Enquirer: 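Quick one: this structure, given as structure tokens, is what I'll be asking you about.
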Amino acid sequence: MTAVAVVTGANRGIGLHTAEQLASRGFQVVVTARSAASAETTAAGIRQSGGLALPYVLNVQDSGEVADFARWLNQHLGRVDILVNNAGVFLDDGVSLLDLDDETLMITLKTNLLGPIYLCRALVPMMLARNYGRVVNLSSGYGALNDMGPYIAAYRISKAGLNALTAELAAELVGTGVKVNSVCPGWVRTDMGGPQASRDPVEAAADVVWAATLDDDGPSGAFLRYRADIPW
Ligand SMILES: NC(=O)c1ccc[n+]([C@@H]2O[C@H](COP(=O)([O-])OP(=O)(O)OC[C@H]3O[C@@H](n4cnc5c(N)ncnc54)[C@H](OP(=O)(O)O)[C@@H]3O)[C@@H](O)[C@H]2O)c1
């Protein structure tokens, strides 16, 4: 039975390259995206390159959709080996906490923090059922508590919360075959990172894939960049 990898926000950026690279390693990749057309386009591209990919429409902000997704996975594939919580938004660059509007705050927290919580809650039980799993949460140096700075309040708080999810869940999963880590991909040339960013998205995705395929002696509950620990 082919191992299954789920990638959220897999239609572009780091998520797209992560999905492609996992497929090239032989995983059955579930390409989730908010739009049906982009999920199908991405999955079709992977299949044309000889990989295994299924599209699934998922807005990570919706806990009901995530619960339905877990049921669909159980019914159609029967296992989940890898979950990459990649979907994210960066909406408040340069905005002070004191000026943050409700909509920006809620979209940021729902996408970057609540979505990954919903996905872990729904899919980790399937991993535990087989005593194997790798969860990768796409975090950011902006979420490091030791390096907080001004004017990106919602994004920083969402990624700090995501790191807390990593630490909490990893602590709960000690002694099991399921590992959970946060990965900061660096500053990456995507729609989010912009054209001036220093890092190629293919390289960033390779680091995500590395964390998603750790050996049994690999870390869990770590905050990683360039495959090494960084301060929380
Ligand atoms: N790029 C960087 O320099 C950088 C640095 C540090 C961390 N990161 C993190 O890395 C991850 C990927 O970033 P990226 O640079 O690849 O960003 P990106 O190019 O902007 O892509 C973001 C992805 O998230 C999806 N998404 C947004 N809201 C969603 C929702 N509610 N439900 C499902 N999918 C949703 C987008 O889908 P649509 O196409 O539908 O919008 C898109 O597929 C993010 O978590 C980001 O915070 C990036």
Side-chain angles (χ1 to χ4, degrees), residues 6-21 29-43 45-46 55-66 68-69 83-93 103-120 122-123 135-144 147 149 152-163 165-166 181-209 211-212 223-226 230:
V6 170
V7 182
T8 65
N11 53 306
R12 59 188 170 97
I14 298 166
L16 169 63
H17 292 288
T18 299
E20 288 175 348
Q21 291 180 30
V29 179
V30 182
V31 170
T32 81
R34 281 193 285 195
S35 104
S38 66
E40 179 48 42
T41 300
T42 303
I46 289 173
Y56 192 95
V57 179
L58 182 67
N59 181 340
V60 301
Q61 296 182 19
D62 188 323
S63 65
E65 278 187 27
V66 172
D68 288 345
F69 176 50
L83 166 61
V84 180
N85 279 313
N86 166 80
V89 291
F90 180 61
L91 303 174
D92 65 334
D93 193 13
E103 194 185 2
T104 301
L105 177 62
M106 291 314 294
I107 292 174
T108 304
L109 292 178
K110 282 182 171 175
T111 309
N112 296 2
L113 176 56
L114 296 186
I117 293 174
Y118 299 150
L119 278 143
C120 288
L123 303 194
V135 178
V136 182
N137 293 323
L138 263 287
S139 185
S140 166
Y142 284 143
D147 194 25
I152 318 176
Y155 186 79
R156 285 184 183 278
I157 291 168
S158 72
K159 295 297 187 181
L162 184 68
N163 282 350
L165 163 65
T166 294
N181 290 294
S182 282
V183 170
C184 168
W187 184 27
V188 187
R189 285 189 297 279
T190 61
D191 292 342
M192 183 183 291
Q196 304 305 323
S198 51
R199 200 144 196 240
D200 184 308
V202 174
E203 278 175 30
D207 286 354
V208 175
V209 169
F223 185 18
L224 304 159
R225 183 192 290 136
Y226 308 145
I230 58 171

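None of these values were measured; they are calculated from a predicted model. Order of listing sets the numbers, starting from 1, for every ligand and every atom in it.
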Enquirer: Checking a contact table here: which protein heavy atom is nearest atom 7 (C) of ligand 1, and how many Å away?
Expert: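 Going by distance alone, atom 7 (C) of ligand 1 is nearest to Ser139 O, 3.0 Å.
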
Enquirer: In terms of atom number and element, which parts of ligand 1 are under 4.0 angstrom from non-hydrogen atoms of Gly9?
Expert: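 Under 4.0 Å from Gly9, ligand 1 has these atoms: 25 (C), 43 (O).
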
Enquirer: At what distance is the nearest protein heavy atom to atom 4 (C) of ligand 1, and which residue and atom is it?
Expert: Gly186 O, 3.8 Å

Enquirer: Mind checking whether Tyr142 and Phe90 have parallel, tilted or perpendicular rings, split at 30° and 60°?
Expert: parallel

Enquirer: Hey, which atoms in ligand 1 end up nearer than 4.0 Å to a heavy atom of Leu58?
Expert: 32 (N), 33 (C)

Enquirer: Going by the atom numbers of ligand 1, which of them fall below 4.0 Å from some non-hydrogen atom of Asp191?
Expert: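 With Asp191 as reference, the close atoms of ligand 1 come out as 19 (O).
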
Enquirer: To check your reading of the model: name the closest protein heavy atom to atom 2 (C) of ligand 1, its residue, and the distance in Å.
Expert: Val188 N, 3.6 Å

Enquirer: Got a second to check how far Thr108's OG1 is from Leu114's CG, nearest 0.5 Å?
Expert: 11.0 Å

Enquirer: Verify, without hydrogens or angle tests, whether Asn137 (side chain) and Ser139 (backbone) share a donor-acceptor contact under 3.5 angstrom.
Expert: no

Enquirer: How far apart are the closest heavy atoms of Pro185 and Tyr226, and which atoms are they?
Expert: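 That closest heavy-atom pairing would be O-CE2, 4.4 Å.
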
Enquirer: Salt-bridge test for Arg199 and Asp207: reply yes if a basic N is under 4.0 Å from a carboxylate O, no otherwise.
Expert: yes

Enquirer: Less than 4.5 Å apart, side chain to side chain, heavy atoms only: is that true for Ile230 and Leu224?
Expert: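 A side-chain contact is absent here, since even the closest heavy-atom pair is not under 4.5 Å.
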
Enquirer: Is Val57 close to Thr32 at the side-chain level, that is, under 4.5 Å between some pair of heavy atoms?
Expert: no

Enquirer: With heavy atoms under 4.0 Å as the rule, classify the contact between Asn112 and ligand 1 as side chain, backbone, both or neither.
Expert: neither

Enquirer: How far is atom 43 (O) of ligand 1 from its nearest protein heavy atom, and which residue and atom is that?
Expert: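 Going atom by atom, the protein heavy atom closest to atom 43 (O) of ligand 1 ends up being Asn11 OD1, 2.7 Å.
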
Enquirer: As an exercise, identify every atom of ligand 1 less than 4.0 angstrom from a heavy atom of Asn59.
Expert: 30 (C), 31 (N), 32 (N)

Enquirer: Should you measure from each heavy atom of Arg12, which atoms of ligand 1 turn up under 4.0 Å away?
Expert: 18 (P), 19 (O), 20 (O), 21 (O), 36 (C), 38 (P), 39 (O), 41 (O), 42 (C), 43 (O)

Enquirer: State, with a plain yes or no, whether a side-chain heavy atom of Tyr155 is found less than 4.5 Å away from one of Asp93.
Expert: no

Enquirer: For the side-chain contact (heavy atoms from CB on, under 4.5 Å) test, which of Val6, Leu138, Thr18 pairs with Asn86?
Expert: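 Per the side-chain contact (heavy atoms from CB on, under 4.5 Å) rule, the option paired with Asn86 is Leu138, out of Val6, Leu138, Thr18.
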
Enquirer: Go through ligand 1 atom by atom and flag the ones less than 4.0 Å from a non-hydrogen atom of Val89.
Expert: 27 (C), 28 (N)

Enquirer: Is a donor on one side and an acceptor on the other found under 3.5 Å between the side chain of Thr41 and the backbone of Ser38?
Expert: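 Between the backbone of Ser38 and the side chain of Thr41 there is no qualifying donor-acceptor contact (under 3.5 Å).
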
Enquirer: Should the proximity of Tyr142 to ligand 1, defined as any heavy atom under 4.0 Å, be assigned to the side chain, the backbone, both, or neither?
Expert: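 Neither; nothing of Tyr142 gets under 4.0 Å from ligand 1.
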
Enquirer: Below 4.0 Å, non-hydrogen atoms only: which portion of Pro185 touches ligand 1? Side chain, backbone, both or neither.
Expert: side chain

Enquirer: Please write down residue, atom name and distance for the protein heavy atom closest to atom 1 (N) of ligand 1.
Expert: Thr190 OG1, 3.2 Å

Enquirer: Contact between Ile14 and Val208 at the side-chain level, heavy atoms closer than 4.5 Å - yes or no?
Expert: yes

Enquirer: Suppose I only count heavy atoms of Gly13 and a 4.0 Å limit; which atoms of ligand 1 are within that range?
Expert: 16 (O), 19 (O)

Enquirer: Verify side-chain hydrogen bond (donor to acceptor under 3.5 Å, both in side chains) between Ser182 and Asn163, making sure each step is shown before the conclusion.
Expert: CA-CA 6 Å; Ser182 282; Asn163 282 350; 2.8 Å; yes

Enquirer: Is it the side chain (CB and beyond), the backbone, both or neither of Lys159 that lies under 4.0 Å from ligand 1, heavy atoms counted?
Expert: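 Within the 4.0 Å criterion, Lys159 contacts ligand 1 through side-chain atoms alone.
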
Enquirer: For Thr104 and Asp92: C-alpha separation, side-chain torsions, deciding distance, then whether side-chain hydrogen bond (donor to acceptor under 3.5 Å, both in side chains) applies.
Expert: CA-CA 7 Å; Thr104 301; Asp92 65 334; over 6 Å; no

Enquirer: What residue and atom, counting heavy atoms only, is the protein's closest point to atom 45 (O) of ligand 1, and at what distance?
Expert: Asn86 O, 2.8 Å

Enquirer: What protein heavy atom sits nearest atom 17 (O) of ligand 1, and how far off is it?
Expert: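 Heavy-atom neighbour on the protein nearest atom 17 (O) of ligand 1: Met192 CB, 3.5 Å.
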
Enquirer: What atoms of ligand 1 come within less than 4.0 Å of a heavy atom belonging to Trp187?
Expert: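 This gives 3 (O) as the contact atoms.
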
Enquirer: Look at atom 26 (N) of ligand 1 and say which protein heavy atom is nearest, naming residue and atom and giving the distance to 0.1 Å.
Expert: Ala87 CB, 3.8 Å

Enquirer: Would you indicate which of His17, Arg189, Arg34 comes nearest to atom 29 (C) of ligand 1 when only heavy atoms are counted?
Expert: Arg34

Enquirer: What do we get for Thr111 next to ligand 1 when only non-hydrogen atoms under 4.0 Å count, side chain, backbone, both or neither?
Expert: side chain

